[in-house]
Amino acid sequence: MNIKEVSTGNSVEELLKRREKCVGKALSIAHEYPLHIIKGEMQYLHSATGEKYLDLVNNVCHVGHSNPKVVKAGQRQMAVLNTNTRYIYDGLTDYIERLSATLPSSLSVGYLVNSGSEANELAVRIARAHTGARDMIVVEGAYHGHTGLLIDLSPYKFRGPGGKGESEPWVHVVPIPDTYRRKGEDYIEELKMVVNESDAIAGFIVESMLSCAGQVPLPEDYLSSAFKYVREAGGLCIADEVQVGFGRLGTHMWAFEDQGVVPDIVVMGKPIGNGHPMAAVFTTPEISASFEDMEFFSTFGGNPVSCAIGLSVLDVIEEDKLIQNAKEVGNIFINGLLDLMDKHTLIGDVRGRGLFIGFELVKDKETLEPATLEAKEIVKEMQDRNVLLSIDGPHKNVIKIKPPMVVTKQDALETIKLLDEVMLKISTNSH
Ligand code: PMP
């Protein structure tokens with residue numbers, strides 16, 4: 001299928017005008033200026049105006065936009081059977097067994113749902129059912145989903161625009177263990193203090209590398225100490241692997257493995273279905289048993305089409321050695337960014353692993369004053385050069401790189417070259 005065949009003939013202006021009337025304004029639009037995209041192709045997006053963009057943002061289309069193997073698996077299963085998990089079919093058992101085999105052996109029971117939010121919501125329900133407690137611990141700056149409960153568990157939202165500012169009494173927030181901005185702090189002591197705020201901890205929900213908080217790797221031993229204190233207080237430890245799972249860090253399948261811990265509950269989402277709406281929760285048989293009094297059913301979760309798609313995603317990760325690719329290409333990005341940091345004073349920090357990278361922009365390397373406007377400008381200039389990036393972190397000054405895992409060394413080298421050019425232009429303009 002070529003681009004002309006998928007072109008709709010609508011202009012971006014027309015679509016924006018119609019969209020404004022029929023889509024709620026709480027939904028924002030990605031990138032510095034809106035893109036009318038008509039086709040995805042592995043790590044690239046094609047626009048209606050004939051531009052081809054390198055997508056360094058989308059961590060959902062993990063094995064590539066419209067990966068032909070995944071598309072075929074979905075099409076084949078759609079033409080044969082799509083039913084629900086109250087029936088017996090090979091796909092469900094095959095898929096849960098296959099996913100479980102990628103996890104520590106204790107995490108052998110899986111629940112399949114349709115979004116990361118649903119999965120996190122279920123994880124919290126399971127933790128509460130098992131412990132009989134209600135309170136939760138979360139990390140500052142975290143986002144865990146869009147349901148009512150998860151907004152209350154997402155400081156990114158309740159402390160952000162439109163949020164109520166204050167946390168609910170059952171939510172306890174630990175500071176970001178950010179070794180760049182908060183060097184030398186005793187993160188474990190801070191966590192211990194937060195655990196002691198409550199005598200009814202149901203759980204601690206945490207990403208194994210922080211995403212919305214600004215692409216922050218956790219200090220070594222952070223999770224092992226945190227899990228120890230949370231468990232001593234009777235809580236369960238939930239690893240939210242929605243962004244960082246499925247080999248993105250280039251070392252293991254799951255990011256918590258980097259920290260040498262085994263969570264009580266693992267939540268998977270985004271890349272799991274390469275864009276097909278799927279998510280999963282895995283836990284131990286003992287914890288799952290506490291949740292089995294009331295029937296659990298999700299109409300679409302774990303349907304045969306989703307299972308076929310999920311299986312094909314796992315096949316592609318293995319067959320195309322994408323975890324290895326994440327490591328190799330990630331290193332090129334990171335080393336290239338470190339070289340740029342030597343050259344451009346605007347880059348204060350480069351961090352991350354594999355294809356989960358952030359670089360933080362500051363106006364002054366002593367005061368760490370955030371270079372928020374410059375970050376925006378760099379991302380816009382890169383968009384002008386057909387490379388898509390995004391920004392996050394509490395000061396909106398961390399540029400993120402988290403592309404489909406099929407991105408190549410050539411893509412990385414080209415990106416670094418363009419970033420060099422853009423940063424030179426920005427520093428020259430500001431003098
Ligand atoms: N957890 C994390 C870490 C996320 O980044 C997101 C989505 N950005 C979610 C949960 C929620 O997933 P979904 O949008 O699929 O509901």
Side-chain angles (χ1 to χ4, degrees), residues 59-60 62-63 95-113 115-116 119-120 122-123 126-127 139 142-145 177 203-213 215-228 230-231 236-274 278-285 287-288 310-311 313-318 320-327 330 351-357 402 404-405:
N59 54 359
V60 177
H62 199 61
V63 300
Y95 184 48
I96 293 189
E97 280 177 358
R98 179 91 179 269
L99 264 183
S100 167
T102 69
L103 289 163
S105 58
S106 55
L107 300 166
S108 57
V109 180
Y111 293 82
L112 300 180
V113 290
S115 69
N120 273 333
L122 178 60
I126 292 174
V139 180
Y143 176 69
H144 293 293
F204 172 41
I205 183 167
V206 60
E207 291 181 276
S208 314
M209 192 184 283
L210 310 182
S211 60
C212 293
Q215 306 290 98
V216 179
L218 298 176
E220 208 181 325
D221 297 336
Y222 181 79
L223 283 191
S224 56
S225 307
F227 282 17
K228 177 170 164 273
V230 170
R231 283 172 177 150
L236 297 187
C237 299
I238 303 172
D240 180 340
E241 292 267 338
V242 167
Q243 293 219 22
V244 289
F246 288 89
R248 180 161 288 283
L249 300 196
T251 40
H252 305 94
M253 184 71 166
W254 305 108
F256 64 76
E257 293 178 85
D258 265 15
Q259 291 257 322
V261 294
V262 177
D264 302 301
I265 302 177
V266 173
V267 173
M268 309 169 184
K270 286 190 189 289
I272 188 170
N274 210 45
M278 297 170 59
V281 177
F282 276 81
T283 189
T284 67
I287 294 171
S288 181
L311 278 165
V313 170
L314 295 176
D315 285 342
V316 178
I317 293 174
E318 263 176 46
D320 297 353
K321 300 190 172 46
L322 293 182
I323 301 183
Q324 182 64 20
N325 191 60
K327 185 180 188 167
R351 55 188 180 242
R353 263 200 302 289
L355 290 172
F356 198 73
I357 300 166
K402 48 181 183 64
M405 302 266 284

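In this structure Glu318 satisfies the salt bridge (charged side-chain N to carboxylate O under 4.0 Å, His left out) test together with Arg98, sequence neighbours excluded. In this view, Ala255 and Ser208, Glu241, Val244, Leu249 satisfy the side-chain contact (heavy atoms from CB on, under 4.5 Å) rule, not counting sequence neighbours. Legend: residues meeting side-chain contact (heavy atoms from CB on, under 4.5 Å) with Val60, ordered by chain and number and at least two apart, are Asn58, Lys270. Applying the side-chain contact (heavy atoms from CB on, under 4.5 Å) test to Ile357 and every residue at least two apart in sequence or in another chain returns Phe333, Ile334, Leu337, Ile401. Residues passing the salt bridge (charged side-chain N to carboxylate O under 4.0 Å, His left out) test with Arg353, sequence neighbours excluded: Asp258. Residues passing the ring pair (Phe, Tyr, Trp, His ring centres under 6.0 Å) test with Phe246 are Trp254, sequence neighbours excluded. Considering only residues two or more places apart in sequence or on other chains, Asn120 meets the side-chain hydrogen bond (donor to acceptor under 3.5 Å, both in side chains) condition with Asp240. The salt bridge (charged side-chain N to carboxylate O under 4.0 Å, His left out) search around Lys321 returns none, not counting sequence neighbours. Applying the side-chain contact (heavy atoms from CB on, under 4.5 Å) test to Pro217 and every residue at least two apart in sequence or in another chain returns Met209, Arg351. With sequence neighbours left out, the side-chain hydrogen bond (donor to acceptor under 3.5 Å, both in side chains) criterion links Gln215 to no other residue.
Sorted by first and then second residue, the pairs that involve residues 219-228 and meet salt bridge (Lys or Arg N to Asp or Glu O under 4.0 Å), not counting sequence neighbours, are Lys228-Glu232. Pairs of residues two or more places apart, or lying in two chains, that qualify as side chain to side chain donor-acceptor pair (under 3.5 Å) and include a residue from residues 104-113 are Tyr111-Ser288.
Proximity of a side-chain donor or acceptor of Thr283 to a complementary backbone N or O of Asp264 within less than 3.5 Å is detected. Using modelled atom types, no side-chain atom of Asn59 and backbone atom of Lys402 make a donor-acceptor pair closer than 3.5 Å. Between the Gln259 side chain and the Leu223 main chain, a donor and an acceptor come within less than 3.5 Å of each other.
Using a 4.5 Å heavy-atom threshold, the side chains of Glu257 and Thr251 count as separate. Counting only heavy atoms from C-beta outward, the side chains of Val313 and Ile272 never approach each other to under 4.5 Å. Two residues are said to be in side-chain contact when any heavy atoms from C-beta on lie closer than 4.5 Å; Asn325 and Asp320 fail this criterion. Residues Pro104 and Val266 have side chains not in contact (no heavy-atom distance under 4.5 Å, counting atoms from C-beta outward).
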